[in-house]
Amino acid sequence: MSSQVRVSLQNATPASKVPTQAQLKRWVAAALTDRAEAAEVSIRIVDEEEGAALNRAWRHKDYATNVLSFPAELPSEIKSALLGDLVICAPVVAREAAEQGKRLEAHWAHLVVHGTLHLLGFDHVLEADAERMEARETGILAGLGYPDPYQER
């Protein structure tokens, strides 16, 4: 499957501890294992200023969040493998990993999988949907060798 997954990366932050494009592709591909079609995801890694500006503009929340997902909204006559864009705020990811006692790599993997599932239409607004999404994330991450991100530390 990973050969059918394309990940475009834009690193717009000076953060030094960000995943490689190969890692990001592996995590996106893992979230897409049930898809037979090719898929493309664009990932932009940002600082807190850009993360807050985007969160404010799109979600009307005045702070930087860990990951924002923007599913592609293309006209039906346009055939494209593009699933959409993920924006990940590196400083927020690092801070959350430290606060939650998680390995930084595992937290990045979780947020990439989480964001990719949002691009596929998963959400966690309703409790039943959240349980379904969390179970899916946990299974994908276990397959990648990472612990359950929802287990208390």
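Nothing here was measured: the structure is a model prediction, and the numbers come from that model.
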- Item | salt_bridge(R132, E127) N-O dist < 4.0 Å | no
In a table with atom names and distances, give each donor-acceptor pair under 3.5 Å that connects a side chain of residues 71-79 to protein atoms at least two apart or in another chain.
{"unit_1": "K79", "atom_1": "NZ", "unit_2": "S76", "atom_2": "O", "d": "2.9"}

- Query: For the residue pair H107 and V93, what are the closest heavy atoms and their distance?
  - Reply: CD2-O, 3.3 Å
- Query: Less than 4.0 Å between a side-chain N and a carboxylate O, is that true for K17 and E105?
  - Reply: no
- Any residue meeting side chain to side chain donor-acceptor pair (under 3.5 Å) with E40, in chain and number order, not counting sequence neighbours: R6
- Which heavy atom in P91 sits nearest to a heavy atom in V46, and how many Å separate them? CD-O, 3.5 Å
- Flag side-chain contact, heavy atom, 4.5 Å: L120 against R35: yes
- Query: With a 4.5 Å heavy-atom cut-off, do H124 and E131 have their side chains touching?
  - Reply: no
- Task: Could you pull out the closest heavy-atom pair between P149 and L141, with the gap in Å?
- Result: CG-CD1, 3.6 Å
- Message: Do L24 and L86 make a side-chain contact, defined as non-hydrogen atoms from C-beta onward lying under 4.5 Å apart?
- Response: no
- Message: Applying the side chain to side chain donor-acceptor pair (under 3.5 Å) criterion to N66, which one of H114, R95, E96 satisfies it?
- Response: E96
- Note on the structure: Minimal heavy-atom distance between W27 and L144, with the atoms involved, is CD1-CD1, 3.8 Å
